[in-house]
Amino acid sequence: MAELKSNSAPPAERKLYWADEAEEEATSKSAPPKLSWGEVAASSVDALSIRETEFNGFLDEPEALNIEAANISFIILARIKILEKCSCYTGDTPYTSASTFEDLKLTPALLKGLYTDLKFQHPSKIQAISLPMILTPPYKNLVAQAHNGSGKTTCFVLGMLSRVDPNLKAPQAICICPTRELAIQNLEVLRKMGKHTGITSECAVPMDSTNYMSFAKRPPVTAQIVVGTPGTIKKGISAKKLSVGSVKILVFDEADHMLAEDGFKDDSLRIMKDIQRISAHCQVLLFSATFNQIVKNFVSRVINDHNQLFVKKEELSLESVKQYKVDCPDELSKVMVIKDRILELGENLGQTIIFVRTRHSASTLHKSLVELGYEVTTIQGALKQEDRDKIVKEFKDGLTQVLISTDLLARGFDQQQVNLVINYELPVKHENHSEPDYEVYLHRIGRAGRFGRKGAVFNLLMGGRDEMLMEKIERHFNSQIAQVAAWNNAEDFRGALKAAGLL
DNA sequence: AAAAAAC
């Protein structure tokens with residue numbers, strides 16, 4: 001490993017904030033952190049001469065970083081704003097962000113999948129920055145946050161496909177997801193991307209009742225990449241049907257939820273420890289659009305020596321998705337707003353997901369809309385596996401227009417035709433219903449506006465508690481949520497959809 | 001009555 005010869009003090013802070021520095025809550029009222037940066041005068045990392053400068057503020061001057069032309073690479077030692085086409089240096093490893101997929105030295109088989117099958121052109125921002133960190137030895141652990149719909153899945157899917165040895169027929173990469181639906185979706189992406197690589201993959205999710213077979217009776221897993229949900233993965237490992245001795249990359253999708261106290265923390269830690277006990281230098285990747293401070297603190301305790309990419313929470317709301325709030329006098333008017341206003345106008349605007357808080361409201365709302373003659377389908381965790389699969393498939397195939405869902409689909413669900421999201425009920429914290437669940441809110445609205453597409457979100461509010469929740473959400477993300485003036489005025493909704501760019 | 005996974 002190259003040694004950095006520097007007369008500067010080692011960096012105290014290794015976090016790379018690629019949107020901005022994440023200032024957390026109101027706790028830190030201290031002065032802005034001093035930033036330091038160094039220039040590398042030679043391309044060889046062994047022969048570095050560093051000029052160090054200190055200043056306050058952020059490195060967002062393109063000139064300051066546009067040194068590629070002078071054949072000088074750049075080292076970043078502090079909190080920065082990373083621009084494309086710059087090299088950065090975290091701790092002891094230099095990385096250069098990728099402006100093309102070729103820069104990443106992907107195999108021809110992978111490039112073919114990306115360009116011809118998936119029609120990808122260039123890496124997205126998070127891909128350009130995170131992939132070099134994933135693919136460059138010594139394969140450091142990575143905690144990465146990026147906006148909804150910005151292409152996180154591609155980051156870890158390419159990471160897994162690139163690091164697997166095609167000649168070794170044993171599980172080498174494991175990806176853990178919070179829901180069965182997300183595991184299936186991620187596996188589909190992986191199979192498309194890796195179509196020409198010959199790498200084998202398998203889904204480890206609970207089986208539907210008709211095909212159920214206990215792990216004891218199953219043959220051992222031979223697939224090179226396993227994507228699944230925590231319970232099934234854990235069982236596979238403990239039943240010794242999923243051997244983890246060759247696993248060199250472990251991915252947690254929606255990682256903040258996978259490691260949250262009220263999420264899948266215990267299962268996730270158990271799996272991580274099981275793997276690390278046998279396979280000591282397994283690279284761990286954590287990806288999510290949200291990491292609240294509690295999870296962040298926990299992550300830095302359980303993931304050692306890792307690179308980090310974070311986004312300031314005020315910059316997480318998608319600009320392409322316009323958010324609205326609608327005051328509704330009662331339950332019935334909420335149903336009428338959906339039926340007579342939003343769905344009426346939104347019929348030809350793509351697909352719609354309506355989020356509810358409980359399974360019970362899901363079925364109540366489903367009944368109301370069906371009685372009024374609206375074709376809707378509903379998904380929630382109490383349905384049979386095969387029914388869930390069918391409903392998701394119909395929606396993904398565009399056979400259904402409107403889908404009611406619990407927070408089952410709040411995270412990760414990727415359907416580009418979804419332009420409208422309706423919060424029939426706002427997400428609240430389990431322990432305290434007067435506190436909004438900011439992370440879930442952000443994930444829900446991120447179901448619209450995939451990859452920069454236009455979208456609109458309608459929050460249906462009923463009463464003072466909802467208004468207070470909404471206000472807290474606005475303050476938290478520092479985002480303006482426009483009011484639709486009258487719940488029963490068609491023109492107001494038409495104007496809202498126009499302003500969102502959908503009409 | 002929170003939802004998710006899985007027994």
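Each chain gets a letter, A, B and so on, in the order its sequence line appears, and its residues count up from 1. Values reported hereafter were calculated over all heavy atoms of this structure, with side chains retained and with hydrogens, waters and symmetry mates removed.
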Discussion item. Checking contacts here: which listed nucleotide (dA2(B), dA5(B), dC7(B)) is nearest the side-chain heavy atoms of T179(A)?
Written reply: dA5(B)
Practice prompt. With sequence neighbours left out, write down each residue that passes salt bridge (charged side-chain N to carboxylate O under 4.0 Å, His left out) with K325(A), or none if nothing qualifies.
Written response: E474(A)
Practice prompt. Just compare dA1(B), dA3(B), dA4(B) and give me whichever is closest to any side-chain atom of T358(A).
Written response: dA3(B)
Fill in: Gap between atoms CD1 and P, on I379(A) and dA4(B) respectively (whole Å)
9 Å
Discussion item. By the 4.0 Å heavy-atom rule, please label R359(A) as base, sugar-phosphate, or nothing.
Written reply: sugar-phosphate
Worksheet item: Touch check for K235(A), heavy atoms < 4.0 angstrom, all strands: base, sugar-phosphate only, or nothing?
Response: sugar-phosphate
Worksheet entry | Nucleotide nearest T229(A) (side chain, heavy atoms from C-beta), chosen from dC7(B), dA5(B), dA4(B) | dA5(B)
Worksheet, complete the sentence: Sequence neighbours excluded, the answer for salt bridge (charged side-chain N to carboxylate O under 4.0 Å, His left out) partners of D256(A) is R411(A)
Worksheet entry | Under-3.5 Å donor-acceptor pair between D262(A) side chain and dA2(B) base | yes
Response to the item:
note: R444(A), atom CZ; dA2(B), atom C1'; distance rounded to Å ~ 11 Å
Discussion item. For F298(A), does the six-membered ring have the charged nitrogen or CZ of R301(A) within the cation-pi criterion, i.e. under 6.0 angstrom from the centroid and within 45° of the normal?
Written reply: no
Practice prompt. Provide, to the nearest angstrom, the distance between the CZ atom belonging to R180(A) and the P atom belonging to dA4(B).
Written response: 13 Å
Item to complete: Calculate the interatomic distance between D256(A) atom CG and dA4(B) atom C1'; express it in whole Å.
Response: 14 Å
Discussion item. At 4.0 Å (heavy atoms only), tell me whether P230(A) reaches a base, stays on the sugar-phosphate, or touches nothing.
Written reply: nothing
Worksheet entry | Rounded distance in Å - CG (L259(A)) to P (dA5(B)) | 17 Å
Worksheet item: Using 30° and 60° as the class limits, which term best fits the ring planes of F458(A) and F493(A): parallel, tilted or perpendicular?
Response: tilted
Practice prompt. Would you mind reading off the distance between H257(A) atom NE2 and dA4(B) atom P, rounded to a whole angstrom?
Written response: 10 Å
